Colleague: 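This is the structure I have questions about; it appears just below.
Note that the structure is predicted; figures quoted are calculated from it, not measured. Chain letters run A, B, ... following the sequence lines, proteins first, then strands; residues in each count from 1.
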Amino acid sequence: MSLLLRRNLLPSLLSSAQGFSHSMRFRHLHTTILRNRTITDGQRQNTSQLFEPPANKPPARPSSSDFTHSDMVKCTIAIRHHMRKGQCDTALLLFNSMPRKSEVTYHTMISGYFSNGESNMAQQLFDEMPVKNLVSQCIMMKWNIKYNNLKAARLLFDELPVKDVVAWTTILTGYIQNGLMDEGKRFFDKMPDKDVFSWNTILSGYIQNGLLDEAMRVFDEMPVKNAVSWNTILSGYMQNGLLDKAKSVFDEMPVKDVVSWTTIIIGYARHGFGEEALQHFESMKQASIQPNELTMVGVLTACSHTGLIDKGKHYFYSMSQDHGIVPNICHYSCLIGLLGRAGHLDEAQNLMKSMPFEPNAVTWSTLLSACRVHGNTKLGEKAAEMLFDLEPWNCVPYVTLSNLYAASGRWEDVKKTRLKMKDQGISNRRGYSWVEVLNKIHKFSVGDFTHPDSESIRAFLEELYLRMKEEGYVSSTKSALHDVDEEEKQHTLKFHSERLAVAYGIMKTPSGRPVRIFKNLRVCEDCHMAIKHIAKIAGRLIILRDTNRFHYFEGGVCNCGDYW
DNA sequence: GTAGGGTTAG
């Protein structure tokens with residue numbers, strides 16, 4: 001590319017990137033020249049080390065080029081901006097027009113390509129790099145892990161001549177993301193250096209893998225904690241339904257940033273305590289912490305899960321004015337969910353039509369689940385059709401639609417939907433529930449009698465079933481398996497995984513204590529009704545976390561108000 | 001002043 005073209009092209013590419021003016025000029029200045037260097041000392045490189053001439057040498061001579069080091073940095077920053085906006089082609093034009101590139105420029109390009117899903121381009125640039133250093137290898141390790149190739153990442157790691165704490169932590173993340181906590185812990189113990197990042201990684205690993213007690217121990221052991229550590233343990237308590245502990249951590253934490261506030265707001269929202277969530281939102285503003293897009297998702301979720309329609313609308317429509325946050329598709333989906341769940345399906349649909357985005361899978365799923373709650377088969381069909389296209393691998397729209405048909409007795413359509421699902425090679429995701437008793441997780445699937453205490457669980461459930469019927473419980477078999485007879489349906493429902501877990505939890509924990517159940521799917525309608533009765537009969541608070549929210553069953557009611 | 005690891009979402 002000619003210098004002339006470069007002169008013309010560069011300023012326009014630079015100025016189109018956010019935050020850059022036309023003021024950049026190529027100057028004839030004494031300049032430092034990039035000395036490509038591999039990292040050999042195991043120390044973290046900082047850029048000044050890379051670009052500044054050694055103090056004991058005379059200043060670098062003027063470059064023959066008029067492209068200074070400062071110009072190179074400015075181009076690199078512009079490339080980063082283009083990449084963040086998804087403008088890979090513009091970034092590449094700018095990259096190609098640069099007379100010289102630093103390692104940082106390459107890294108910015110490679111990471112940018114990976115983030116935009118262009119892994120082939122990223123790999124190509126990586127191969128073209130004249131000198132690769134530890135950072136280059138770390139980028140490749142990270143993306144191998146993201147693309148589920150931990151083995152390749154580990155190979156790169158093993159081949160590194162010198163490893164620093166970032167490299168170690170990258171691989172640690174790989175183990176954690178693959179659920180390999182034992183290997184992860186062994187790896188962590190072997191690390192020659194640990195900093196607050198690596199401690200936070202192992203902490204979040206335990207939380208992501210559901211090992212809260214281990215996480216609590218790590219949190220206590222940590223030699224250094226920062227706000228990220230506090231936020232991690234806070235979200236851990238929230239995810240596990242320990243609202244009181246979460247609240248006391250929140251009150252205790254030395255610094256509350258936007259993530260802390262957002263975590264507690266989302267936590268209260270998911271537990272169905274909308275008012276508390278909104279109170280925290282008000283306190284957050286009082287504390288002069290600016291909400292971000294996610295905070296507003298939390299606020300709208302709070303309104304949605306508690307049925308606060310007017311408040312939800314108010315927050316949605318004042319977002320941009322009060323906080324300078326333009327509603328994105330998540331915010332629209334929240335409001336659509338709020339309206340839909342409250343039965344305002346027409347309004348929800350109109351909002352969907354008027355939004356400045358194409359509805360995505362989340363939007364349609366939200367609408368579909370509102371249709372399920374309100375038995376709107378026609379709209380449900382449309383939403384499900386859209387989801388078949390958008391997420392062809394997803395079994396949920398098939399199952400929901402089939403249940404919608406079953407609820408209105410359209411057995412032929414049920415059959416067709418199940419058949420279509422089968423033809424697509426999609427199988428129903430297996431549901432299971434688990435409960436923690438004495439630091440041990442007990443996992444159950446439907447009709448699963450492999451547990452050593454199965455006989456007593458079964459007997460207990462039979463006994464509960466009789467008492468539930470006395471209390472007025474009628475099993476709702478309308479949307480359960482249609483191809484088995486009524487008695488068998490009831491039998492299957494009686495031993496759904498959540499009921500086995502609830503029964504075991506009640507049997508094995510001291511009376512008066514809450515029972516905490518987790519389920520990997522949304523709780524079924526009949527079990528929801530049954531657990532309301534069970535909570536009353538057993539005199540227990542039963543807290544059930546499904547994929548959507550927490551349900552608090554107490555005294556015959558659930559705090560979701562039967563909308564979920 | 002630009003590049004690699006940790007926190008909040010449905």
Side-chain angles (χ1 to χ4, degrees), chain A residues 19 39 44-48 50-51 69-81 83 101-112 114 129 132-143 145 156 160 163-174 176 191 194-205 207-208 222 225-236 238-239 253 257-267 269-270 291-301 304-305 328-331 333-334 337 360-363 365-366 369 522 547-549:
Chain A
I39 293 171
R44 196 163 181 172
Q45 295 291 302
N46 72 39
T47 46
S48 60
L50 276 169
F51 296 121
H69 169 244
S70 164
D71 294 332
M72 187 155 64
V73 171
K74 282 179 181 163
C75 283
T76 307
I77 297 172
I79 286 174
R80 192 182 66 146
H81 281 279
M83 281 301 196
K101 291 118 178 163
S102 69
E103 289 160 327
V104 180
T105 318
Y106 272 99
H107 294 154
T108 310
M109 285 294 293
I110 294 170
S111 292
F114 273 130
M129 271 189 86
K132 297 167 181 77
N133 63 18
L134 185 54
V135 176
S136 333
Q137 302 291 355
C138 271
I139 296 172
M140 297 316 275
M141 280 155 49
K142 168 185 165 170
W143 286 97
I145 288 166
L156 283 172
L160 287 175
K163 307 162 170 68
D164 68 1
V165 64
V166 180
W168 281 87
T169 310
T170 305
I171 297 296
L172 179 59
T173 309
I176 286 166
M191 285 176 72
K194 299 181 180 81
D195 63 9
V196 70
F197 278 73
S198 20
W199 278 99
N200 286 340
T201 305
I202 193 85
L203 176 66
S204 82
I207 287 170
Q208 280 169 40
M222 286 174 79
K225 295 181 181 58
N226 60 15
V228 173
S229 330
W230 284 91
N231 289 339
T232 307
I233 198 78
L234 173 65
S235 79
M238 276 300 189
Q239 284 166 35
M253 50 200 295
D257 62 11
V258 61
V259 176
S260 330
W261 285 99
T262 304
T263 305
I264 197 120
I265 289 169
I266 290 171
R270 292 197 68 214
N292 63 21
E293 292 188 343
L294 221 53
T295 320
M296 297 315 298
V297 170
V299 169
L300 295 173
T301 308
S304 178
H305 284 179
N328 64 26
I329 191 149
C330 295
H331 302 117
S333 300
C334 283
N360 64 12
V362 175
T363 326
S365 305
T366 308
S369 92
R522 206 188 274 257
T547 41
N548 197 31
R549 58 168 290 157

Colleague: Expressed as a whole number of angstroms, how long is the span from A:M191:CE to B:dG5:P?
Modeller: 14 Å
Colleague: Nearest to the side chain of A:Q239 - B:dG5, B:dT8, B:dA3?
Modeller: B:dT8
Colleague: So which nucleotide from B:dG1, B:dG6, B:dT7 ends up closest to the side chain of A:V259?
Modeller: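 Among B:dG1, B:dG6, B:dT7, the one nearest the side chain of A:V259 is B:dT7.
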Colleague: What contact category does A:T76 fall into here, base, sugar-phosphate, or nothing, at under 4.0 angstrom with non-hydrogen atoms?
Modeller: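 Base contact.
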Colleague: B:dA9, B:dG4, B:dT7: which one has an atom nearest the side-chain heavy atoms of A:I266?
Modeller: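 Closest nucleotide among those given: B:dA9.
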Colleague: Please check: side-chain N/O of A:N226 versus main-chain N/O of A:S229, any donor-acceptor pairing under 3.5 Å?
Modeller: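 Checked: pair present.
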Colleague: Does B:dG4 have OP1 or OP2 under 4.0 Å away from a side-chain N or O of A:K142?
Modeller: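 Indeed not, no polar side-chain atom of A:K142 lies that close.
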Colleague: Which nucleotide in the list B:dT7, B:dG6, B:dT2 gets nearest to the side chain of A:N200?
Modeller: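 The answer is B:dG6, which lies nearest to the side chain.
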Colleague: What nucleotide among B:dT8, B:dA9, B:dG4 has an atom nearest to a side-chain atom of A:C330?
Modeller: B:dA9
Colleague: Given B:dG6, is OP1 or OP2 found less than 4.0 Å from the side-chain N or O atoms of A:Q208?
Modeller: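 For A:Q208, the contact criterion (side-chain N or O under 4.0 Å from OP1 or OP2 of B:dG6) is not met.
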Colleague: Using whole Å, report how far CD1 of A:I233 lies from C1' of B:dG6.
Modeller: 14 Å
Colleague: Classify the nucleic acid contact of A:T295 as base, sugar-phosphate or nothing, counting any heavy atom under 4.0 Å across all strands shown.
Modeller: nothing
Colleague: Which nucleotide in the list B:dA3, B:dG5, B:dG4 gets nearest to the side chain of A:C138?
Modeller: B:dG4
Colleague: Please determine if a side-chain N or O atom of A:S204 lies less than 4.0 Å away from the OP1 or OP2 oxygen of B:dT7.
Modeller: yes
Colleague: Between B:dT2 atom P and A:M83 atom CE, what is the distance in whole Å?
Modeller: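 Distance check: A:M83 CE to B:dT2 P gives 18 Å.
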Colleague: Tell me which nucleotide among B:dG1, B:dG5, B:dG10 gets nearest to the side chain of A:T301.
Modeller: B:dG10
Colleague: Nearest to the side chain of A:S111 - B:dA3, B:dG6, B:dT8?
Modeller: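 Ranking B:dA3, B:dG6, B:dT8 by closest atom to the A:S111 side chain puts B:dA3 first.
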Colleague: When you get a sec, tell me which of B:dG4, B:dG10, B:dG6 is the closest nucleotide to the side chain of A:L134?
Modeller: B:dG4
Colleague: When the distance from NZ of A:K194 to P of B:dG5 is rounded to whole Å, what number comes out?
Modeller: 21 Å
Colleague: Please report, rounded to the nearest Å, how far the P atom of B:dG10 is from the CG atom of A:L294.
Modeller: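 Computing the A:L294:CG to B:dG10:P distance gives 8 Å.
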Colleague: So, OP1 or OP2 of B:dA3: does either fall under 4.0 Å of a side-chain N or O from A:R80?
Modeller: yes
Colleague: Roughly how many Å is it from NZ in A:K132 to C1' in B:dA3, rounded to a whole number?
Modeller: 15 Å
Colleague: I need the CG-P distance between A:L172 and B:dG5, as an integer number of Å.
Modeller: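 Value for this atom pair: 14 Å.
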Colleague: Does A:N226 reach a base, just sugar-phosphate, or nothing at all? Heavy atoms under 4.0 Å.
Modeller: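 Base contact - A:N226 has a heavy atom under 4.0 Å of at least one base atom.
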